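What follows is a short report on a single structure.
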Amino acid sequence: MNTVADQLIVLVMLINFAALGTGRLAVAIRAVALQGVILGILPVLIHSFSWHLVAITVGLILAKGILIPSLLTGAITKARITREMEPFIGYVPTLLIGAVLTALAFAFAAKLPLAPAHQGLLFVPAAIATLLTGFLLLVTRRKAISQVIGYLVLENGIFLFGLLLTEAMPVMVEAGALLDLIVGIFVMGIIINQISREFSSIDTSRLTALKE
Amino acid sequence: MTDAVIHILLTLLMPPLLLGIIGKTKALFAGRVGAPILQPYYDLAKLLRKGSVFSDTTTWVFQAGPVVTLAATLTASFLIPLGEHRAPLSFSGDMVLFAYLFGLARFCTTAAALDTGSSFEGMGAAREATFACLAEPALFFSLAVLARLSGSLSLTPMLTGTVATSWLNSGASILLLGGSLFIVLLVENCRVPFDDPTTHLELTMIHEVMVLDHSGPLFGVILYGAAVKLFVLGALFTDIALPYATGITLVDWGLFIVAMLMLAIGIGVVESVMARLRIVKVPQMLAAACILAAFSLLLVLR
């Protein structure tokens, strides 16, 4: 595996920490957008050139780097929020949990029965670490918009794992997944606005109570 | 032998120059002329000529504090290789001694601060101890990475020779390590964004508040000790950040001095462009430094 790809994967994992440690939603959105762009560049670096790859790369960078971040930024300007207040677990503890999860991801990846060609690559532990970071963001944050960001990180992790199989993955499947993601973000944007209109805040923990 | 003599002379004479350069850089950024680069030397000479005032409530601990601190820091300076030259003193496991000599220095400074009985200095001591606790894991994770890469537990083999090849083989982890060590360097030396060495705004001071009651020669000793600490930790950072070796001894010493001056300018730039962090943000930043170093260790252990 070439070293540039490895450095980029390390960067992806660092962005996980940035997303976990920041309280500002704009920073988190930009971090996830950057992560998406890096994931878009990666397939070109690790596989030999083909038009299929170019299509995936362009599609990914457009969707994850431009379209989804602009939708999310639109949502936060409409709901007029700038930062996540009072997450269920504080930023420093989540950062530390994130670090532990990353370490566990490395330990777990070493135990996985992978194809011999994929053994010892940085992809697998990075994918698992990104996945777990996404989960962590989803369960520890209170605001709907932070949870959407967690969901995006989760999806990035799945994509990173899928990168190993890019050659075998048809364009249609890739395009379908991206389309699903965009529709999902779109629907969540609408829901966020709806929640903020009804409750004058987008704190999802209020949705657990049945009556006023 | 000549290397050892140059090592000791540089360690004794160069530290205040770094402070002067940092001050000059900050002045240039602010559009001022600034104090002369040699100003820290004049300050030290002035302080050494002055008399001392000791409060009645203080004991020998108060006077021993600065002296032990300087002694511990100077001992640590013998363990660190400057540039690509071997340190005068080197044995297996000296990295632990290196880290805890600074621990001893810090203990004596805080003990001297507590000895005055001033609640204000106690507050500074508490802050210093708290931040040091958080910076220590970052330093040890970094040293563990270097130990793993070089296969040795001594600072001289860890920092000379192997670092250049490590940059090629595991650049990402060395980069993370460098970032983490730079944060440790700033926090250990009480620089912006963790502490402002020039401020006298009482609520935000950390290091300055602990030495408020010291005066005259002892205060000079404290300032000099702080400069030596900056020099030693700076050498640790430049050994990793700029591993170079031409093989010609004198040229290598010249390169080391240039690297240290560049580091001083770099610190000056950081101090000019960054604001001081709110005190509640400091632990977050230090936790981030620990995570960077731990992540770097994870990458080399893999």
Side-chain angles (χ1 to χ4, degrees), chain A residues 1-24 27 31 38 83-84 87 89-112 114 118-126 128-130 132-133 136, chain B residues 127 130-142 144-145 148-149 164-184 187 193-194 274-275 277-302:
Chain A
M1 188 62 56
N2 64 49
T3 44
V4 181
D6 274 356
Q7 317 295 33
L8 286 180
I9 294 173
V10 169
L11 198 58
V12 166
M13 285 193 271
L14 283 181
I15 291 172
N16 288 343
F17 291 129
L20 276 177
T22 181
R24 288 191 194 168
V27 175
I38 293 171
R83 52 179 73 217
E84 165 87 32
I89 306 177
Y91 298 118
V92 174
T94 36
L95 254 181
L96 293 178
I97 296 173
V100 171
L101 287 180
T102 306
L104 288 179
F106 273 85
F108 180 58
K111 293 260 190 312
L112 275 184
L114 295 167
H118 298 156
Q119 218 94 50
L121 288 184
L122 205 49
F123 274 99
V124 183
I128 299 170
T130 312
L132 291 173
T133 307
L136 191 62
Chain B
R127 285 178 181 170
T130 311
F131 296 155
C133 279
L134 294 167
E136 197 174 284
L139 182 62
F140 267 101
F141 276 129
S142 311
V145 173
R148 165 81 184 181
L149 285 176
T165 46
S166 303
W167 267 107
L168 296 177
N169 298 332
S170 42
S173 49
I174 296 268
L175 199 63
L176 297 177
L177 171 74
S180 172
L181 271 182
F182 192 66
I183 295 178
V184 170
V187 74
F194 300 101
M274 281 191 82
L277 288 175
R278 281 207 329 250
I279 222 144
V280 288
K281 290 265 180 191
V282 174
Q284 281 183 27
M285 195 72 184
L286 288 174
C290 288
I291 286 171
L292 282 185
F295 189 44
S296 160
L297 182 63
L298 201 63
L299 286 178
V300 297
L301 281 181
R302 196 171 63 87

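Quick caveat, the model's predicted, so the values are computed rather than measured.
For chain B, no part of A:Leu11 is nearby; none of its heavy atoms comes within less than 4.5 Å. Residue A:Val10 touches chain B through both its backbone and its side chain, counting heavy-atom pairs closer than 4.5 Å. In this structure, the portion of B:Leu292 lying under 4.5 Å from any heavy atom of chain A is its side chain and not its backbone. Contact annotation for B:Ala287: only side-chain heavy atoms (C-beta onward) come within less than 4.5 Å of a heavy atom of chain A. Contact of B:Leu301 with chain A is not made at all, since no heavy-atom distance falls under 4.5 Å.
Proximity of A:Leu14 to B:Phe295: side-chain heavy atoms (C-beta onward) are separated by under 4.5 Å at one or more points.
Interatomic distance, A:Leu95 CG to B:Ile291 CD1, rounded to the nearest 0.5 Å: 4.0 Å. Separation of atoms CG (B:Leu299) and CE (A:Met13) is listed at 5.5 Å; rounding is to 0.5 Å.
Other residues, nucleotides and ligands place no more than 12 heavy atoms under 6.0 Å from the CZ atom of A:Phe108.
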